[in-house]
There are 2 protein chains.
Amino acid sequence: MQHRQTISKAEKVSPNSTKGAGRLVATWGSALQSQEEKNRLKRNSILHAAAQCFNSSGFHGTSMDDIAERLGVTKPALYRYVKNKHEVLDACFGLVMDMSFRHLEEGERKGRSGLEKLRLTIHGYLAELIGEFGHPVVILEEGALLPDQLCRLISRRDQLERRYRALVEEGMRDGSIIPCNAKLAVFALFGAMNWVPKWYRQGGEWSAEFVADQLVQLITRALDAHPESIRGDEEVVSVTCESHLNRLEANNAY
Amino acid sequence: MQHRQTISKAEKVSPNSTKGAGRLVATWGSALQSQEEKNRLKRNSILHAAAQCFNSSGFHGTSMDDIAERLGVTKPALYRYVKNKHEVLDACFGLVMDMSFRHLEEGERKGRSGLEKLRLTIHGYLAELIGEFGHPVVILEEGALLPDQLCRLISRRDQLERRYRALVEEGMRDGSIIPCNAKLAVFALFGAMNWVPKWYRQGGEWSAEFVADQLVQLITRALDAHPESIRGDEEVVSVTCESHLNRLEANNAY
DNA sequence: CCTACCGATCGGTAGG
DNA sequence: CCTACCGATCGGTAGG
């Protein structure tokens with residue numbers, strides 16, 4: 001009861017939606033921004049809490065009470081920042097898609113061949129997906145979206161897949177990637193990537209960087225037109241098991 | 001009302017649980033078997049209907065009414081063959097695990113190297129997973145299981161992973177598989193495999209056999225110690241895009 | 001941001 | 001195998 005005004009009062013004092021942008025921003029603006037920022041942060045923390053619940057229990061297995069409890073508030077408090085449960089799920093998917101496209105664009109920009117672009121994209125995506133910022137929803141609760149939300153998601157995801165595929169095809173043209181079925185290769189790649197949150201444990205034996213590196217290496221080997229260059233000496237294969245394990249341990253320690 | 005006795009009457013007539021096995025089996029046995037078989041088949045059809053619902057809507061997104069409707073009966077009719085909703089999910093997982101181990105054992109038996117055993121296992125699993133028999137649950141509704149059901153599932157799945165890993169390690173020893181982190185390789189492999197039901201469409205452009213073949217080839221390339229042997233001519237990489245696409249079309253037609 | 005509450009859905013059962 | 005129903009949970013809102 002004693003905190004209930006902290007937000008609604010601020011909203012009355014600053015009906016900023018009717019103001020022109022950029023005027024008196026130094027004083028009013030910073031105050032407004034910090035308030036908007038607060039709301040945005042709260043909404044964001046709701047989305048992250050929800051994503052974690054959805055990841056472990058699924059959309060229908062998660063109640064709004066669960067999400068609220070994780071944040072230490074009561075359910076009705078959430079409805080100031082989100083419209084309803086479906087909007088929460090939709091926004092979670094939005095966060096993941098934004099992140100996916102961000103890393104894709106970085107890969108496209110920095111890579112110098114199809115394969116290198118793909119490697120950069122995958123590494124960036126994986127590192128953030130399992131990094132300490134917390135893994136948002138990747139999983140398969142799309143069926144719980146409302147029809148028009150699902151439409152938009154599918155269209156974005158198709159676009160993402162097409163651009164991944166374009167990288168594979170570019171790599172086949174520039175000679176960095178072996179001839180293969182690009183569509184199927186991208187599906188396999190998505191599977192390997194999106195499965196990670198199922199088995200990765202934060203604070204476990206593997207760092208996020210290590211996992212991203214190793215998976216990129218594995219995927220690279222499946223697509224690389226010149227595997228010899230990353231494999232080093234061929235004959236090591238015939239060495240004893242223990243020596244191999246030692247090499248792996250060394251890699252693990254990285 | 002008029003059909004309600006078809007099963008309970010038969011059960012009263014033949015209290016077979018107290019009979020010794022193997023006596024008078026020729027006459028009584030076949031009658032009993034056909035009745036038991038009927039019940040077993042009905043239970044099985046419930047599990048398959050449920051698996052399809054769970055796959056598309058998740059455990060909590062599926063009601064017992066949904067499952068019943070898919071079978072053309074009413075909800076209470078299901079409870080003659082299954083104890084409750086959790087038992088249904090648990091039994092679905094059981095079917096998938098049984099299938100997984102079946103193909104693993106076939107691969108272990110028939111393969112002549114670590115890599116070949118792995119290839120056979122994966123191919124068999126994938127072909128059945130997406131074959132016309134209908135894909136059961138693979139997905140991630142484990143969180144919906146009851147604690148002791150989850151325990152058993154995890155223990156079986158760990159065992160499966162360990163045996164897959166053993167094949168990878170065997171391949172590293174016998175020189176068929178490149179030195180790599182076996183644990184991580186198996187995770188990536190499971191990801192690529194279990195993602196398939198998410199994108200595969202029955203009756204679409206790809207047959208189950210084609211997808212299984214292509215994925216096995218892709219996975220093989222990632223692990224093979226002698227990739228040259230399956231890649232054929234190296235220099236084809238520098239050919240134009242169209243020519244590659246033509247090659248792919250040819251593969252697709254297979 | 002909380003208490004209190006409504007309407008709907010759903011798992012499971014009674015009884016036939 | 002069906003009709004009818006109970007008890008519990010849950011999304012969302014009223015009102016302050």
Side-chain angles (χ1 to χ4, degrees), chain A residues 1-13 35 38-43 45-47 49-50 53-54 56-92 141 143-146 149, chain B residues 1-13 35 38-47 49-50 53-54 57-92 141 143-146 149:
Chain A
M1 222 184 277
Q2 58 273 37
H3 343 143
R4 78 160 193 270
Q5 292 286 5
T6 47
I7 288 152
S8 50
K9 202 189 278 176
E11 281 172 347
K12 278 179 203 152
V13 171
Q35 186 49 55
K38 264 185 202 163
N39 286 358
R40 213 187 51 80
L41 286 177
K42 279 187 186 170
R43 179 181 157 94
S45 70
I46 290 175
L47 297 185
C53 291
F54 293 157
S56 59
S57 310
F59 177 76
H60 291 104
T62 298
S63 69
M64 292 300 276
D65 280 315
D66 293 334
I67 300 170
E69 190 184 3
R70 185 176 279 254
L71 293 165
V73 296
T74 55
K75 183 177 60 171
L78 304 180
Y79 284 88
R80 227 166 239 290
Y81 307 97
V82 300
K83 210 181 106 210
N84 56 39
K85 196 183 172 190
H86 278 104
E87 195 219 26
V88 174
L89 180 63
D90 193 45
C92 283
E141 294 290 333
L145 287 172
L146 298 176
Q149 296 172 329
Chain B
M1 220 184 278
Q2 59 272 36
H3 345 141
R4 79 160 193 269
Q5 293 286 5
T6 46
I7 289 152
S8 52
K9 202 190 274 174
E11 282 172 347
K12 279 180 202 151
V13 171
Q35 187 49 54
K38 265 185 202 162
N39 287 356
R40 213 186 52 78
L41 286 177
K42 279 187 187 170
R43 180 179 157 94
N44 223 279
S45 68
I46 291 175
L47 297 185
C53 291
F54 293 158
S57 311
F59 178 75
H60 290 104
T62 299
S63 69
M64 292 300 275
D65 280 315
D66 293 334
I67 301 170
E69 191 184 1
R70 186 176 279 255
L71 294 165
V73 296
T74 56
K75 182 177 62 171
L78 304 179
Y79 285 87
R80 227 167 239 291
Y81 306 96
V82 301
K83 210 181 106 210
N84 57 38
K85 196 183 172 190
H86 278 105
E87 194 220 27
V88 174
L89 180 64
D90 193 45
C92 283
E141 294 290 333
L145 287 172
L146 298 175
Q149 296 173 330

Figure out the [atom1]/[atom2] separation between [X] and [N], and round it to whole Å.
{"X": "A/Y81", "N": "D/dG12", "atom1": "OH", "atom2": "P", "result": "18 Å"}
{"X": "A/H86", "N": "D/dC10", "atom1": "NE2", "atom2": "P", "result": "16 Å"}
{"X": "A/H60", "N": "C/dA8", "atom1": "NE2", "atom2": "P", "result": "18 Å"}
{"X": "A/K85", "N": "D/dT13", "atom1": "NZ", "atom2": "C1'", "result": "17 Å"}
{"X": "B/L78", "N": "C/dC10", "atom1": "CG", "atom2": "P", "result": "14 Å"}
{"X": "A/Y79", "N": "C/dT3", "atom1": "OH", "atom2": "P", "result": "16 Å"}
{"X": "A/K83", "N": "D/dG12", "atom1": "NZ", "atom2": "C1'", "result": "12 Å"}
{"X": "B/M64", "N": "D/dC2", "atom1": "CE", "atom2": "C1'", "result": "16 Å"}

Could you check which of [options] has an atom nearest any side-chain atom of [X]?
{"X": "A/K42", "options": "C/dC1, C/dG12, D/dC1", "value": "C/dC1"}
{"X": "B/P76", "options": "D/dC1, C/dC2, C/dT13", "value": "C/dT13"}
{"X": "A/V73", "options": "C/dG11, C/dC2, C/dG16", "value": "C/dC2"}
{"X": "B/S63", "options": "D/dC10, C/dC10, C/dG12", "value": "C/dC10"}
{"X": "A/R80", "options": "C/dG12, D/dG16, D/dC10", "value": "D/dG16"}

For C/dG15, what is the paired nucleotide under Watson-Crick or G-U wobble rules, both distances under 3.5 Å?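 When the pairing criteria are applied, D/dC2 turns out to be the nucleotide that pairs with C/dG15.
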Is there a Watson-Crick or G-U wobble partner for D/dT9 with both distances under 3.5 Å, and which nucleotide is it?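 Paired with C/dA8.
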Donor/acceptor link under 3.5 angstrom from B/K75 side chain onto base of C/dG11: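 Result: at least one qualifying N/O pair found.
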Any side-chain N or O of A/T74 less than 4.0 Å from the OP1 or OP2 oxygen of C/dC2?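 Checking A/T74 against C/dC2: at least one side-chain N or O falls below 4.0 Å of OP1 or OP2.
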Nearest 0.5 Å, what's the CG-CD1 distance between A/L47 and A/I67?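 If I round to the nearest 0.5 Å, the distance is 9.0 Å.
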Could you grab the distance from atom CZ of A/R80 to atom CD1 of A/I46, nearest 0.5 Å is fine?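 Between A/R80 CZ and A/I46 CD1, I get 11.5 Å after rounding to 0.5 Å.
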Is the distance between the ring centroids of B/F59 and B/H86 less than 6.0 Å?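 Centroid separation for B/F59 and B/H86: below 6.0 Å.
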Minimum heavy-atom separation for B/L78 to B/M64, with atom names?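 Reported closest heavy-atom pair: CD1-O, 3.5 Å.
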Closest heavy-atom contact between B/H60 and A/S57?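 Scanning both residues completely, I find the closest heavy atoms to be ND1-O, 4.0 Å.
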